[in-house]
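Here's the structure, in structure tokens; my notes come after.
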Amino acid sequence: LEDLLLDFKERSYSIVFRDSFLDLPKILTAQKLSSKFLIITDTNVDFYYGEQIKEFFSDNNCTLYKFVFEAGEKSKNLNTISQIYDQCIEHRLDRSSAILALGGGVVGDIAGFAASTYMRGIPFIQIPTSLLAQVDSSVGGKVGVDFKGSKNLIGAFYQPALVYMNLKCLRTLPKREYIAGLAEVIKHGIIYDMEFFSYLENNVESILSQDFDILKYLVKKNCMIKADVVQQDEKELGLRAILNFGHTIGHAIESIMDFSLLHGECVSIGMVAASYIACRKKLLSEKHFSRIVGLVHKIGLPTKIKNIDFEKVYGEMLKDKKQKRNVLKFILPVKIGKVIQTTVVTKEDIFEALEYISS
Ligand SMILES: NC(=O)c1ccc[n+]([C@@H]2O[C@H](COP(=O)([O-])OP(=O)(O)OC[C@H]3O[C@@H](n4cnc5c(N)ncnc54)[C@H](O)[C@@H]3O)[C@@H](O)[C@H]2O)c1
Ligand SMILES: [Zn+2]
């Protein structure tokens with residue numbers, strides 16, 4: 001697979017697609033980053049890939065330090081960041097060193113935020129290992145942590161120097177996590193690419209069985225869609241907001257469920273709810289609505305959630321940092337492949353949608 005170049009002027013970088021970690025040290029050395037690296041990973045990813053990567057680096061005369069934290073969203077906080085700063089100081093990292101994020105979106109967001117703030121920013125490499133991280137979070141430069149129950153409240157825009165994807169490492173990813181990552185894949189189809197959405201509909205089985213050729217196409221295509229959006233609007237002043245499709249209600253559900261559901265699972269319920277609103281408002285045809293629900297369902301993602309407190313969900317939605325002055329901004333699909341941003345969604349619309357997804 002050919003590399004993908006992301007154009008952010010002087011901060012441009014490549015995404016490379018591989019089927020092992022073998023040439024990672026070589027690529028990093030070729031980029032003339034220093035030979036001192038701090039790798040940040042979580043307990044699960046370390047178990048599978050920690051040793052292997054260390055070996056590859058030791059063959060290449062690089063100094064590699066490692067910091068491992070407990071896997072899971074609960075670690076995505078300032079306490080972990082503070083521990084990383086301690087490591088940076090202990091190992092005397094400076095702007096000629098680099099931080100490597102080896103793991104899913106949690107690792108990428110944490111490591112990226114630490115890299116963006118330590119000494120006002122040191123180079124940072126994304127090595128995404130979950131599907132969600134490969135198709136979404138490692139592309140675009142958003143980094144950050146949760147704070148006092150608010151998701152991603154503290155953060156920055158900070159582009160990596162390189163994104164290195166080993167597609168084979170998805171094989172050790174738990175099935176539930178893999179499927180959750182597919183929610184963002186479906187999202188990219190709905191917001192941007194009708195043809196890609198049809199491709200997904202026609203290849204559900206091979207996607208679920210992780211057919212390697214299909215996977216290669218899938219990951220690259222997703223990176224291209226996301227790159228296309230974020231290159232046009234790096235700091236989310238406009239277009240980039242379409243990536244929040246499904247996330248307004250999705251994030252609210254994620255926090256009231258206290259993160260017992262995976263991000264992708266909540267996003268898929270959120271996409272169904274937003275599409276329902278669009279359909280009720282006659283912005284989206286019944287036919288496209290049922291195709292959306294149909295694909296989400298066939299992939300094995302939830303379309304419904306029982307026993308939710310509507311007022312609580314609504315309250316969470318208003319807390320979302322993306323909402324200004326209590327006017328809810330919503331991304332609604334008008335057809336598969338195209339969404340709009342609108343403020344016409346009322347509390348009643350939302351409650352109707354919540355009724356639908358909890359029925
Ligand atoms: N920065 C962004 O633009 C952006 C976009 C979307 C989501 N996110 C963030 O990403 C996070 C979710 O990412 P995620 O779903 O990758 O979560 P995650 O990082 O917690 O990874 C999911 C689980 O899979 C494990 N894992 C990862 N790779 C593995 C592998 N190859 N083999 C075995 N196990 C593996 C992890 O240890 C973890 O238990 C959330 O915090 C979300 O806010 C950020
Ligand atoms: Zn998401």
Side-chain angles (χ1 to χ4, degrees), residues 20-21 40-50 52-53 68-77 80 101-113 116 124 126-147 150-160 163 165-188 191 210 222-223 226-227 229-230 234-236 240 242-251 253-255 259 261-271 301 321-322 331:
S20 78
F21 289 117
I40 294 171
T41 189
D42 72 19
T43 42
N44 296 336
V45 180
D46 185 48
F47 171 79
Y48 288 109
Y49 305 104
Q52 187 190 9
I53 289 198
V68 185
F69 64 82
E70 193 61 43
E73 183 76 26
K74 291 244 151 74
S75 292
K76 209 173 116 174
N77 57 43
T80 309
L102 173 73
V106 168
V107 171
D109 282 11
I110 291 179
F113 184 68
S116 77
F124 157 58
Q126 287 271 24
I127 311 166
T129 61
S130 70
L131 182 64
L132 183 133
Q134 294 192 347
V135 299
D136 189 357
S137 65
S138 69
V139 183
K142 277 193 185 177
V143 295
V145 294
D146 305 333
F147 190 68
S150 290
K151 245 184 95 82
N152 304 328
L153 187 66
I154 310 295
F157 288 98
Y158 195 62
Q159 301 296 346
V163 184
M165 300 198 185
N166 169 7
L167 302 179
K168 282 262 160 77
C169 77
L170 296 179
R171 295 199 170 157
T172 53
L173 188 68
K175 185 95 185 171
R176 183 176 169 200
E177 295 285 352
Y178 179 76
I179 291 178
L182 290 171
E184 308 281 3
V185 172
I186 296 174
K187 179 191 81 180
H188 287 145
I191 64 173
Q210 298 195 27
N222 269 277
C223 291
K226 178 138 187 204
V229 173
V230 298
E234 184 184 0
K235 302 267 167 82
E236 197 164 323
R240 187 170 180 157
I242 68 174
L243 297 168
N244 296 326
F245 171 58
H247 284 61
T248 314
I249 293 179
H251 270 160
I253 292 174
E254 199 173 348
S255 43
F259 302 103
L261 286 178
L262 299 179
H263 176 72
E265 294 167 347
C266 298
V267 168
S268 68
I269 296 167
M271 290 193 294
L301 283 161
K321 66 178 180 307
K322 291 194 178 102
I331 306 296

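For ligands, and for the atoms within them, numbers begin at 1 and follow the listed sequence.
- To the nearest 0.5 Å, the span separating CD on Gln52 from CG on Asn166 amounts to 7.5 Å.
- Where the criterion is an N or O separation shorter than 3.5 Å, residue side chain and backbone included, Val106 meets it with respect to ligand 1.
- In the vicinity of Pro174, heavy-atom distances shorter than 4.0 Å reach the ligand 1 atoms 34 (N).
- Close approach of ligand 1 to Leu173 (heavy-atom distance below 4.0 Å) involves ligand atoms 24 (O), 26 (N), 27 (C), 28 (N), 29 (C), 32 (N), 33 (C), 35 (C).
- Of all atoms in ligand 1, listed by their number and element, those nearer than 4.0 Å to a heavy atom of Asp42 are 36 (C), 37 (O).
- At a heavy-atom distance under 4.0 Å, only side-chain atoms of Asp109, from C-beta outward, approach ligand 1.
- Taking CG from Leu102 and SG from Cys169, the interatomic distance works out to 7.5 Å, rounded to the nearest 0.5 Å.
- Side-chain atoms of Thr41 never come within 3.5 Å of backbone atoms of Gly103 as a donor-acceptor pair (strictly under, hydrogens ignored).
- Rounded to the nearest 10 degrees, the angle NE2 (His263) to the Zn ion (ligand 2) to OE2 (Glu184) equals 90°.
- Side-chain contact between His247 and Glu184 is present, with heavy atoms from C-beta onward closer than 4.5 Å.
- Residue-ligand proximity, Asn152 to ligand 1, at heavy-atom distances under 4.0 Å covers atoms 43 (O).
- Between Phe124 and Tyr158, the ring planes lie parallel to each other; the angle is under 30°, not in the 30° to 60° tilted range.
- Under a 4.0 angstrom heavy-atom cut-off, Gly144 registers as lying outside contact with ligand 1.
- Considering backbone and side-chain N/O atoms, Leu170 never comes within less than 3.5 Å of an N/O atom of ligand 1.
- Looking at atom 43 (O) of ligand 1, its nearest protein heavy atom turns out to be Lys151 NZ, 2.8 Å.
- The residue among Glu184, Glu177, Glu70, Lys142 with a heavy atom at the shortest distance from atom 22 (C) of ligand 1 is Glu177.
- At a heavy-atom distance under 4.0 Å, atoms from both the backbone and the side chain of Ser137 approach ligand 1.
- Using a 4.0 Å cutoff on heavy atoms, Lys226 counts as a contact of ligand 1.
- Per residue His247, closest N, O or S atom to the Zn ion (ligand 2): atom name NE2.
- Contact check for Asp109 versus Asn152: side-chain heavy atoms found under the 4.5 Å cut-off.
- Separation of atoms CD (Gln210) and CG (Leu131) is listed at 8.0 Å; rounding is to 0.5 Å.
- When the heavy atoms of Leu243, Leu132, Ile110 are ranked by distance to atom 7 (C) of ligand 1, first place goes to Leu132.
- Listed by atom number, the atoms of ligand 1 under 4.0 Å from Cys169 heavy atoms are 30 (C), 31 (N).
- Taking only nitrogen or oxygen atoms, main chain and side chain alike, His263 does not reach within less than 3.5 Å of ligand 1.
- Atoms of ligand 1 lying under 4.0 Å from any heavy atom of Glu73, numbered from 1 in the order shown and given with element: 40 (C), 41 (O).
- Counting the atoms of ligand 1 from 1 in the order shown, those under 4.0 Å from a heavy atom of Lys76 are 9 (C), 40 (C), 41 (O), 42 (C), 43 (O).
- Heavy-atom contacts from other residues, nucleotides or ligands closer than 6.0 Å to NZ of Lys74 number 12 or fewer.
- Remark: ligand 1 atoms within the under-4.0 Å shell around heavy atoms of Tyr49 are 31 (N).
- Ion pairing between Lys142 and Glu236 holds under the 4.0 Å rule for side-chain N and carboxylate O.
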